[in-house]
Participant: 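Structure in structure tokens, see below.
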Protein chains: 2
Amino acid sequence: MSEDVHAAEVTLGRIETEVALLMRLGEATRRGTGTMEHRLLDRAAYVILRHLDAAGPQNVSALAARLNLDGSTVTRQVSALQRDGLISRTPDPADGRGTVISTTAAGLQRMAAVRAARTRLYGDILAAWPEADRETLADMLHRLNEALDARNRRR
Amino acid sequence: MSEDVHAAEVTLGRIETEVALLMRLGEATRRGTGTMEHRLLDRAAYVILRHLDAAGPQNVSALAARLNLDGSTVTRQVSALQRDGLISRTPDPADGRGTVISTTAAGLQRMAAVRAARTRLYGDILAAWPEADRETLADMLHRLNEALDARNRRR
DNA sequence: CCCAGATAGCTGTATGGTACAGGTATTTTT
DNA sequence: AAAAATACCTGTACCATACAGCTATCTGGG
């Protein structure tokens, strides 16, 4: 029984290590990939466009809550995106304080290009993996994200 | 056959999405966890201490290469760690230009405390997961990191 | 053996992403 | 209608990082 406890701790330690490593490697990969698609859209902008595409137009607060970001951060990101013509702001008809953020056609197109480039990148990185393993990876990552999100949202 | 290709692209897209999401969530979790263990050691410091612990004393260049960081970044991180008494610098006896970085007892202890806190955190996040799934997750993350690392190192 | 080039590390400077505090306009609650 | 809450924006600050340029040292071909 103490062996079970020990095994569980070892596994958690491994997960902790690998997530920390992935954060670093992901960052390094993102930087190193540059020059083509990375210059087109920085990470935050990409995530915002992805979310707008998936969940539809919404105001700054909703975006901030969903992305676990401070409202001021989203305000600035959105301003930059607007400057580049990738999103548009319109007053919220239902709330005079609010501003609804929507993607523009250019934003969607840019996002799709970056997404395609990133997908290609993963195809390269995982070239040697059988499809079944890739699916397992995708499933595990998805479940991990759900668990992380639930935990963040809980507090 | 075209179905296989399509399935593969869908999977890669999922992986791309989930990794991007994990980067954001991991960041949010790290920030949100704060106040206890996170203030003790920022992310870069933690990774450096982990690596020194695992791979032994080494100079700044070796650390930078291994962690995919610029030398100047490591220099600054190491300076901060030294200021806090968590690592020590000694001249490299075999190379007058070099400086060997080693963990101190305090550094190891701090690192272990942070590690324990983070492991506990993952235990919390993955509380509902059976051990077998956790092991699968750990395996998949490990293999993903290997693949990422290989790809980064290749260029 | 010596100098040219490489390397190790440090410092100056710049950028990006983020948070927090505070301000204003608007909505909701009482 | 006043008070409280909310939405957004702006000022400011911090951290992690990169790149360029500097000095000190090492190394290999003449």
Participant: For B/M23 and C/dG16, give me the distance from atom CE to atom C1', rounded to whole Å.
Facilitator: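 Result: 14 Å.
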Participant: Over all strands shown, is A/D92 touching base, sugar-phosphate only, or nothing at heavy-atom distances under 4.0 angstrom?
Facilitator: nothing
Participant: Rounded to the nearest 0.5 Å, what separates atom CG in B/L52 from atom CG in B/L108?
Facilitator: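 Reported value, rounded in 0.5 Å steps: 9.0 Å.
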Participant: What is the separation between atom CG on A/L63 and atom C1' on D/dC8, rounded to the nearest whole Å?
Facilitator: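 Value for this atom pair: 13 Å.
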Participant: Give, for atom CE of B/M23 and atom CG of B/L25, the distance between the pair rounded to the nearest 0.5 Å.
Facilitator: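 One finds 11.5 Å between CE of B/M23 and CG of B/L25.
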Participant: Can you tell me which nucleotide in D/dC8, D/dC9, C/dG9 comes closest to the side chain of A/S61?
Facilitator: D/dC8
Participant: What is the separation between atom CG on A/L81 and atom C1' on D/dC9, rounded to the nearest whole Å?
Facilitator: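 So the two atoms are 16 Å apart, to the nearest Å.
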Participant: So does B/G56 get a backbone contact from the side chain of B/Q58, meaning a donor-acceptor N/O pair under 3.5 Å?
Facilitator: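 Side chain of B/Q58 to backbone of B/G56: a pair is present.
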Participant: Taking only nitrogen or oxygen atoms into account, show me every contact under 3.5 Å that the protein makes with nucleotides 14-18 of chain D, one pair per line with its distance.
Facilitator:
residue	atom	partner	partner atom	Å
D/dA16	OP1	B/D42	OD1	3.2
D/dA16	OP1	B/D42	OD2	2.8
D/dA16	OP2	B/D42	OD2	3.2
D/dT17	OP1	A/R24	NH1	2.8
D/dT17	OP2	B/Q77	NE2	2.9
D/dA18	OP2	B/D70	N	2.7
D/dA18	OP2	B/T73	OG1	3.1
D/dA18	N6	B/R76	NH2	3.1

Participant: Between B/D139 and A/R14, does at least one N-O distance fall below 4.0 Å, as a salt bridge requires?
Facilitator: yes
Participant: Under 3.5 Å, is there a donor on one side chain and an acceptor on the other for A/T119 and B/E9?
Facilitator: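 Looking only at side-chain atoms, B/E9 and A/T119 do not form any donor-acceptor pair under 3.5 Å.
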Participant: Would you indicate whether the side-chain heavy atoms of B/D124 and A/R151 approach each other to under 4.5 Å?
Facilitator: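 Yes. Closest side-chain heavy atoms under 4.5 Å.
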Participant: Without decimals, in angstroms, what is the distance between A/L67 CG and C/dA19 P?
Facilitator: 11 Å
Participant: Report, one pair per line, the protein and nucleotides 28-30 of chain C atoms (nitrogen or oxygen only) whose separation is under 3.5 Å.
Facilitator:
none

Participant: Taking B/R24 for the side chain and A/L67 for the main chain, is one N or O donor matched with an acceptor at less than 3.5 Å?
Facilitator: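 Indeed, once roles are kept as given, a pair shorter than 3.5 Å links the two residues.
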Participant: Treating A/T104 as the side-chain partner and A/G85 as the backbone partner, does any N or O pair qualify as donor plus acceptor under 3.5 Å?
Facilitator: yes
